[in-house]
Amino acid sequence: MDHAAVLALYDREMREGARPESSDARVEMAGRVVRHIGGHGGWSGVLWSDLSAADADAAIAEQIACFGRLGHEFEWKLYGHDRPADLGRRLVAAGFTPDQEETLMVGETSDQLLDVAPPEGVRIVPVTDRAGVELMVEANEKAFGRDGSWLRDLLHARLARDPGELVALVALAGDEPVSSARMELLPGTGFAGLWGGGTVEGWRGRGLYRALIAHRARIAAERGYRYLQVDASDQSRPILERLGFRALSTTTPYVYAH
């Protein structure tokens, strides 16, 4: 993999050329900034910027004013290769709070097309209705130890409006949800985004994470996506590296609450 070329493609397709994540959202180019304005319950924030030390502070102030008029809490999704080099410091000075840094990792879809089965007695099923959503939320809450209302809202909205661009999966041991994951498919790009991948304690280390990646890779390949992209935590990065994913940059959400 040519890291520089793939990162440039990612920036061009997924950030600068971003598309709305749902039919009631919109993407705007404001000078050298691309922002996403979410629909009902959707995500709002800055996806891409190409700034200098001379214009960064003014661009930051403009985004704060824009989202303030809309009444949206938003985040500035800052990547490690973004400029100016002190953009993170400038965001903090303007009132943003940095969240956990993650690693932008990309793998070739073709490298993940392995026949990887889940543990014995576990089946992976698609989430397409309200009952499936509740199972997925239950798995997510048990895996991550936090309220899953945001996931419930996201799934209901996306499955109702844009079902072809979301793949949601839950792993069941009998009737018990033990893991879940989702995949975002943006038409016209080469990247399928892998999200979630949380497994309930007691089921970890038994291949569910790997099986869910392979399952999503098969779907992505069928739909023509060359790359799989993950914002990886410190826990998932070593696993992904062993599977052939490569670290291209870091990404940190800087959150602004009006």
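Numbers here simply count residues along the sequence, with the first being 1.
Of the possible donor and acceptor atoms, none in the side chain of R158 sits under 3.5 Å from a partner among the backbone N and O of L154. No side-chain donor-acceptor contact under 3.5 Å links E16 to the backbone of V34. Side-chain atoms of D2 come within 3.5 Å of backbone atoms of A5 as a donor-acceptor pair (strictly under, hydrogens ignored). Not one N or O on the side chain of D86 forms a donor-acceptor pair closer than 3.5 Å with the backbone of R89. No donor-acceptor pair under 3.5 Å is formed between the side chain of Y225 and the backbone N or O of A217.
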Practice item. List the steps, then state whether side chain to side chain contact (heavy atoms under 4.5 Å, CB included) holds for S179 with Y209. Key: CA-CA 8 Å; S179 189; Y209 187 88; over 6 Å; no

Practice item. Please step through salt bridge (Lys or Arg N to Asp or Glu O under 4.0 Å) for the pair E241 and R237, ending with a clear verdict. Key: CA-CA 6 Å; E241 287 178 332; R237 176 173 175 170; 2.9 Å; yes

Check your understanding: Taking it one step at a time, do R182 and M136 satisfy side chain to side chain contact (heavy atoms under 4.5 Å, CB included)?
Key -> CA-CA 10 Å; R182 66 187 195 277; M136 188 171 181; 4.0 Å; yes

Exercise for review: Output, in order, the C-alpha distance, side-chain angles, deciding distance and verdict of side chain to side chain contact (heavy atoms under 4.5 Å, CB included) for L91 and E75.
Suggested key: CA-CA 10 Å; L91 290 169; E75 72 179 48; over 6 Å; no

Practice item. Please step through side chain to side chain contact (heavy atoms under 4.5 Å, CB included) for the pair R246 and M105, ending with a clear verdict. Key: CA-CA 5 Å; R246 295 292 176 259; M105 304 192 73; over 6 Å; no

Exercise for review: Walk me through it: do R218 and D115 pass the test salt bridge (Lys or Arg N to Asp or Glu O under 4.0 Å)?
Suggested key: CA-CA 10 Å; R218 288 191 290 272; D115 187 14; 5.2 Å; no

Exercise for review: Could you check D50 against R83 for salt bridge (Lys or Arg N to Asp or Glu O under 4.0 Å), going step by step and ending with a plain yes or no?
Suggested key: CA-CA 6 Å; D50 181 20; R83 297 292 179 265; over 6 Å; no

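Across all their heavy atoms, A56 and L87 have their closest contact at CB-CD1, 4.4 Å. Between W48 and D11, the shortest heavy-atom distance links the atoms CD1-O, 4.4 Å. The two residues A139 and P177 come nearest to each other via the heavy atoms CB-CB, 3.9 Å.
To the nearest 0.5 angstrom, L78 atom CG is 5.5 Å from Y254 atom OH. Taken from OG in S180 to CH2 in W195, the straight-line distance is 14.5 Å, to the nearest 0.5 Å. For the atom pair L169 CG and I219 CD1, the distance stands at 5.5 Å (nearest 0.5 Å). Distance check, rounded to the nearest 0.5 Å: OG of S249 to NE2 of H3 gives 12.5 Å. Atom CG of N140 is separated from atom CG of L151 by 5.0 Å, given to the nearest 0.5 angstrom. Atom-to-atom distance recorded for T103:OG1 and L248:CG is 10.0 Å, nearest 0.5 angstrom.
Under a hydrophobic-cluster definition in which Ile, Leu, Val, Met, Phe, Trp and Tyr are linked whenever side-chain heavy atoms come within less than 4.5 Å, directly or via other members, L172 and V133 are assigned to the same cluster. A continuous path of ILVMFWY side-chain contacts below 4.5 Å connects V46 to L51, so both sit in one hydrophobic cluster. The cluster map of Ile, Leu, Val, Met, Phe, Trp and Tyr, joined by side-chain heavy atoms under 4.5 Å apart, puts L243 and M183 in the same cluster. Under the 4.5 Å side-chain heavy-atom criterion for ILVMFWY residues, a single connected hydrophobic cluster contains both V33 and V92. The same ILVMFWY cluster, assembled from side-chain heavy atoms under 4.5 Å apart, contains both I64 and W76.
Counting heavy atoms from C-beta outward, Y79 and L47 have side chains that stay 4.5 Å or more apart. Residues R35 and Q63 are in side-chain contact: their nearest non-hydrogen atoms beyond the backbone lie under 4.5 Å apart. A heavy-atom distance below 4.5 Å is found between the side chains of T189 and R19. Counting heavy atoms from C-beta on, the side chains of L240 and I213 come closer than 4.5 Å. In this structure, the side chains of Q229 and L194 stay at 4.5 Å or more apart for every pair of heavy atoms. Between T252 and D99, every side-chain heavy-atom pair lies at or beyond the 4.5 Å cut-off. In this structure, Q112 and R210 have side chains that are in contact, with non-hydrogen atoms separated by less than 4.5 Å. Using a 4.5 Å cut-off on side-chain heavy atoms (C-beta onward), L104 and T250 make no contact.
A salt bridge links E138 with K142: the closest approach of a Lys/Arg side-chain nitrogen to an acidic carboxylate oxygen falls below 4.0 angstrom. With respect to E141 and R146, no salt bridge is recorded, no charged nitrogen being found less than 4.0 Å from a carboxylate O. Using a 4.0 Å cut-off between charged nitrogen and carboxylate oxygen, R32 and D55 do not count as a salt-bridge pair. The pair E134-R130 fails the salt-bridge criterion, with no side-chain N (NZ, NE, NH1 or NH2) lying under 4.0 Å from an Asp/Glu carboxylate O.
For the side chain to side chain contact (heavy atoms under 4.5 Å, CB included) test with V167, the passing option among R223, H215, E184 is R223; the others fail.
For Y10 and F191, the gap between ring centers is short of 6.0 Å. Two rings, from F74 and F96, have their centers less than 6.0 Å apart.
Residues R204 and Q235 bring no donor and acceptor atom of their side chains to less than 3.5 Å of each other.
Around atom CD of E28, more than 12 heavy atoms belonging to other residues, nucleotides or ligands sit under 6.0 Å away.
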